[in-house]
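To start, the structure under review is shown below, and the notes come after it.
Along the sequence shown, the residues carry numbers beginning at 1.
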Amino acid sequence: QVQLAESGGGLVQAGDSLRLSCTTSRRTYGFNEVAWFRQAPGKEREFVVTTMRGGEKECYSDSVKGRFIISRDNAKNTIYLQMNSLTPEDTAVYYCAARVSRSVVCKTMSDEYTYWGQGTQVTVSS
């Protein structure tokens with residue numbers, strides 16, 4: 001049973017930074033692609049960023065490009081999401097997701113991912 005667990009969420013002010021972590025029960029290099037999604041109240045789950053095995057390719061949504069950075073520490077089986085210059089529009093539950101199937105293009109749809117964490121709340125006050 002593969003498990004993903006997010007942590008690091010919280011309440012911050014606009015302009016602040018926050019780093020989320022996603023720790024997996026399986027070695028991160030065993031996943032072809034690991035992503036972050038988010039879901040704000042009353043909205044659909046939204047793609048944020050994804051990284052492929054080895055970090056050879058990363059894709060960011062336009063709404064976070066230049067502010068968020070994804071990284072991984074394979075030795076710790078952990079994926080990080082560094083979030084900078086946060087705004088109230090970034091308020092959401094953030095989920096990490098993983099897939100094993102290979103692809104040459106970034107997968108940005110939630111139904112393309114097999115494994116999910118339980119989510120961590122990020123709230124940005126103005």
Side-chain angles (χ1 to χ4, degrees):
Q1 181 75 12
V2 175
Q3 294 182 326
L4 284 67
E6 304 92 339
S7 61
L11 172 63
V12 297
Q13 293 186 331
D16 285 351
S17 297
L18 203 59
R19 189 177 79 160
L20 305 183
S21 300
C22 171
T23 301
T24 70
S25 62
R26 177 176 178 171
R27 294 186 184 274
T28 50
Y29 60 70
F31 299 114
N32 186 64
E33 199 163 353
V34 182
W36 287 93
F37 287 77
R38 66 186 181 185
Q39 188 166 18
K43 293 189 177 181
E44 297 286 323
R45 190 166 294 188
E46 173 191 23
F47 166 77
V48 176
V49 59
T50 186
T51 179
M52 291 192 176
R53 183 187 303 185
E56 66 270 19
K57 185 165 184 162
E58 298 172 354
C59 295
Y60 290 85
S61 69
D62 289 342
S63 61
V64 307
K65 195 175 297 182
R67 299 188 299 123
F68 290 13
I69 301 171
I70 191 171
S71 62
R72 63 168 69 193
D73 185 337
N74 288 335
K76 296 182 178 179
N77 295 337
T78 300
I79 308 295
Y80 300 101
L81 181 64
Q82 177 67 41
M83 305 186 295
N84 302 316
S85 302
L86 286 162
T87 73
E89 288 68 38
D90 294 315
T91 295
V93 177
Y94 283 72
Y95 300 90
C96 66
R99 60 193 303 272
V100 175
S101 301
R102 288 191 170 187
S103 174
V104 295
V105 298
C106 293
K107 297 300 184 181
T108 62
M109 305 299 290
S110 59
D111 59 5
E112 294 172 310
Y113 289 82
T114 305
Y115 306 105
W116 289 85
Q118 81 290 348
T120 185
Q121 176 71 47
V122 172
T123 303
V124 184
S125 64
S126 58

Between [Y] and [X], is there a side-chain heavy-atom distance shorter than 4.5 Å?
X: Tyr60; Y: Ile69; result: yes
X: Val48; Y: Phe68; result: yes
X: Leu4; Y: Thr23; result: no
X: Tyr94; Y: Leu81; result: yes
X: Phe31; Y: Tyr115; result: yes
X: Met83; Y: Asp90; result: no
X: Val34; Y: Thr50; result: no
X: Gln118; Y: Glu6; result: yes

Mind listing the closest non-hydrogen atom pair of [X] and [Y] along with its distance?
X: Glu58; Y: Cys106; value: C-SG, 4.2 Å
X: Ser63; Y: Glu46; value: OG-OE2, 3.7 Å
X: Ala92; Y: Ala40; value: CB-N, 3.8 Å

Quiz item: Same cluster or not: are Val2 and Met52 linked, directly or through other Ile, Leu, Val, Met, Phe, Trp or Tyr residues, by side-chain heavy atoms under 4.5 angstrom apart?
Solution: no
Exercise. Output, in order, the C-alpha distance, side-chain angles, deciding distance and verdict of side chain to side chain contact (heavy atoms under 4.5 Å, CB included) for Thr24 and Arg72.
Key: CA-CA 11 Å; Thr24 70; Arg72 63 168 69 193; over 6 Å; no
Quiz item: Can you tell me how far CD of Glu112 sits from OG of Ser103, rounded to the nearest 0.5 angstrom?
Solution: 7.5 Å
Quiz prompt | From Arg38 atom CZ to Ser61 atom OG, the distance as rounded to the nearest 0.5 Å | solution = 6.0 Å
Quiz item: With the threshold set at 4.0 Å, does a side-chain nitrogen-carboxylate oxygen contact exist between Glu33 and Arg99?
Solution: yes
Practice problem: Starting from the C-alpha separation in whole Å, work towards a yes-or-no answer on side chain to side chain contact (heavy atoms under 4.5 Å, CB included) for Ser17 and Gln82. | Solution: CA-CA 7 Å; Ser17 297; Gln82 177 67 41; 3.8 Å; yes
Quiz item: When you look at Tyr80 and Leu20, which way does the side chain to side chain contact (heavy atoms under 4.5 Å, CB included) test go after all the steps?
Solution: CA-CA 6 Å; Tyr80 300 101; Leu20 305 183; over 6 Å; no
Practice problem: Show the numbers, then the answer: is there a side chain to side chain contact (heavy atoms under 4.5 Å, CB included) between Arg19 and Ser7? | Solution: CA-CA 9 Å; Arg19 189 177 79 160; Ser7 61; over 6 Å; no
Quiz item: Are side-chain N/O atoms of Gln121 and Thr123 paired as donor and acceptor at under 3.5 Å?
Solution: yes
Quiz prompt | Short side-chain donor-acceptor distance under 3.5 Å, Ser125 and Gln13 | solution = no
Quiz item: By the rule that ILVMFWY residues connect when side-chain heavy atoms come within less than 4.5 angstrom, directly or transitively, which residues belong alongside Val93?
Solution: Phe37, Phe47, Tyr95, Tyr113, Trp116
Quiz item: Just by distance, do the side chain of Thr78 and the backbone of Lys76 share a donor-acceptor pair under 3.5 Å?
Solution: yes
